[in-house]
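Within every chain, numbering begins at 1; the chains are lettered A, B, ... in the order of the sequence lines, protein sequences first and strands thereafter.
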Protein chains: 2
Amino acid sequence: MDTKGASFIGNVMDPDCPSRMVFARIGDKWATLVIQVLAEGPLRFSELRQTVHVVTPKVLTQVLRALERDGLLTRTVFAQVPPRVDYELTPLGRTLLEPLKALREWAESNVSAMLASRDDYDEREDAAILRPPGHPGR
Amino acid sequence: MDTKGASFIGNVMDPDCPSRMVFARIGDKWATLVIQVLAEGPLRFSELRQTVHVVTPKVLTQVLRALERDGLLTRTVFAQVPPRVDYELTPLGRTLLEPLKALREWAESNVSAMLASRDDYDEREDAAILRPPGHPGR
DNA sequence: CCGTATCCCTTATGATACTG
DNA sequence: CAGTATCATAAGGGATACGG
């Protein structure tokens, strides 16, 4: 395999690539939320629903099962009435917290810049459609 | 605002929350790929298409515009024929490289564990449907 | 070469109602 | 309480063809 240039991320393009898998998992709209909410400790289903309050039970279940399948959290059923099910991060899941935190911190440090950029972009967009075409590039 | 418990990630649930924005951006199937591919230096549209070879021009354009809008990369049009357009990470975009790298490294270290967990889970699944219902919980 | 325009399909997500 | 089932909608992504 080629070892220079962009090759070291070459396998990122492979659908089976580790990074792709992880980015797919954290790319999930709810997965990262759940993981970060569970950082504090185990929660039961209803507690998760309240915390991540916009999610429907169906979607929440899907996310939880996916995360459980990947070994990132455990699902513990207590044999009692009313039923109680706890979700808790596994050690593996906990190790994801750190990179996720790095991302959160990046986010908090740079959102303002991103938002400013968006405003600029959108303004230029708006101006562009008012201007006649055939205009010299930027 | 409450300062204990899960409150510090409380705003993670807010759709306007910085983290949500960032996770939405990197959650994009192609955005992180593009960013990481551009880590090496500027590339033109066709080069990006070749590198991220499965993506259609439409989708690639969408991703690039979104990233440009967020100030993560620049789009430079050269006034020549045939046309040439270069895409390059901005300093802001470059700062994303590090947290992304952390995630990649996590991925590479832990995929095997995740895959193993999946196999386990799926096996148990298969076994469960063969077993009669009303079985004592795990 | 660098896109845009269309059409189409799969998947994700949501609302709602119901069961163990 | 903790889900499952069903239906409906929308968003994402892809194939293809064409324009500047």
Side-chain angles (χ1 to χ4, degrees), chain A residues 13 15 20 23-34 38 42-69 73-88 125 128-129 131-138, chain B residues 13 15 20 23-34 42-69 73-88 125 128-129 132-138:
Chain A
M13 290 161 281
R20 289 291 294 270
F23 287 122
R25 168 75 39 253
I26 68 153
D28 187 279
K29 187 177 175 184
W30 305 111
T32 46
L33 258 104
V34 169
L38 287 180
L43 288 177
R44 46 200 302 189
F45 192 82
S46 54
E47 291 171 329
L48 278 169
R49 278 204 68 187
Q50 289 163 20
T51 315
V52 191
H53 47 70
V54 286
V55 76
T56 60
K58 189 185 76 174
V59 174
L60 184 55
T61 301
Q62 287 172 354
V63 175
L64 290 170
R65 291 297 147 82
L67 292 174
E68 184 193 6
R69 189 169 100 104
L73 57 77
T74 56
R75 177 173 176 273
T76 310
V77 181
F78 296 93
Q80 60 184 35
V81 286
R84 167 189 181 147
V85 181
D86 273 16
Y87 293 90
E88 183 172 16
E125 274 277 285
I129 49 181
R131 217 176 301 135
H135 206 75
R138 278 213 216 294
Chain B
M13 291 160 281
R20 289 290 293 272
F23 287 124
R25 167 76 38 255
I26 67 155
D28 186 280
K29 188 178 177 184
W30 303 111
T32 46
L33 258 104
V34 168
L43 289 177
R44 47 200 299 190
F45 192 83
S46 54
E47 290 171 329
L48 278 169
R49 280 203 67 185
Q50 288 163 21
T51 315
V52 191
H53 47 68
V54 285
V55 76
T56 61
K58 188 187 76 173
V59 174
L60 183 55
T61 301
Q62 287 173 352
V63 175
L64 290 170
R65 291 296 147 83
L67 293 173
E68 184 194 5
R69 189 168 102 103
L73 56 77
T74 56
R75 177 173 175 272
T76 310
V77 181
F78 296 93
Q80 60 184 38
V81 287
R84 167 187 180 150
V85 180
D86 273 16
Y87 293 91
E88 183 173 17
E125 275 279 283
I129 48 180
H135 207 74
R138 286 214 209 296

Find the distance A/Gln62:CD to C/dA12:P and express it as a whole number of Å. 8 Å

If only side-chain N and O atoms of B/Arg44 are considered, is one of them under 4.0 Å from the OP1 or OP2 phosphate oxygen of C/dC1? no

Ignoring backbone atoms, test whether B/Lys29 places a side-chain nitrogen or oxygen under 4.0 Å from the OP1 or OP2 oxygen of D/dG14. yes

Looking only at side-chain atoms of B/Trp30, point me to the closest of D/dG13, D/dA2, C/dT13. D/dG13

Let me know the distance between CG of A/Leu33 and P of C/dA12, rounded to the nearest Å. 17 Å

What is the distance, to the nearest angstrom, from the CG atom on B/Asp86 to the C1' atom on C/dG3? 15 Å

Calculate the interatomic distance between B/Leu60 atom CG and D/dG13 atom P; express it in whole Å. 12 Å

What distance separates A/Leu67 CG from A/Arg75 CZ, expressed to the nearest 0.5 Å? 13.0 Å

Selected nucleotide, minimal atom distance to B/Thr61 side chain, candidates D/dG3, D/dG14, C/dT4: C/dT4

Starting at atom CG of A/Asp28, determine the distance to atom P of C/dT13, rounded to an integer number of angstrom. 6 Å

Integer-rounded Å distance: D/dC1 P and A/Leu48 CG: 14 Å

To the nearest Å, give me how far apart CD (A/Gln80) and C1' (D/dG3) are. 16 Å

Considering only heavy side-chain atoms of B/Pro82, the closest of C/dC1, C/dT13, D/dA2 is C/dC1

If you compare every side-chain N and O of B/Ser46 against the phosphate oxygens of C/dC2 (OP1, OP2), does one of them come in below 4.0 Å? yes

I need the B/Gln50 CD to B/Leu43 CG distance, nearest 0.5 Å. 9.5 Å

Atom-to-atom span, CG of A/Leu43 to C1' of D/dC1 - whole angstrom: 15 Å

Taking only the side-chain nitrogens and oxygens of B/Arg75, find out if one of them lies under 4.0 Å from OP1 or OP2 of C/dG3. yes

Heteroatom pairs (N/O) under 3.5 angstrom, protein to nucleotides 15-20 of chain D:
none

Within less than 4.0 Å of OP1 or OP2 of D/dT4, is there a side-chain N or O belonging to A/Arg65? yes

Atom CZ in A/Arg49, atom OG1 in A/Thr61: separation rounded to 0.5 Å? 8.5 Å

Within this structure, what is the OH-CD distance for the pair B/Tyr87 and B/Glu47, rounded to the nearest 0.5 Å? 12.0 Å

With side chain to side chain contact (heavy atoms under 4.5 Å, CB included) as the criterion, how do A/Trp30 and A/Leu60 come out once you've worked through the C-alpha distance, each side chain's angles and the decisive distance to 0.1 Å? CA-CA 8 Å; A/Trp30 305 111; A/Leu60 184 55; over 6 Å; no

A side-chain contact here means heavy atoms from C-beta on lying under 4.5 Å apart; do A/Leu73 and A/Glu88 qualify? no

Between CG of B/Leu48 and CG of B/Asp86, what distance do you get to the nearest 0.5 Å? 9.5 Å

With respect to the phosphate group of C/dG3, does any side-chain polar atom (N or O) of B/Tyr87 fall under 4.0 Å of OP1 or OP2? yes

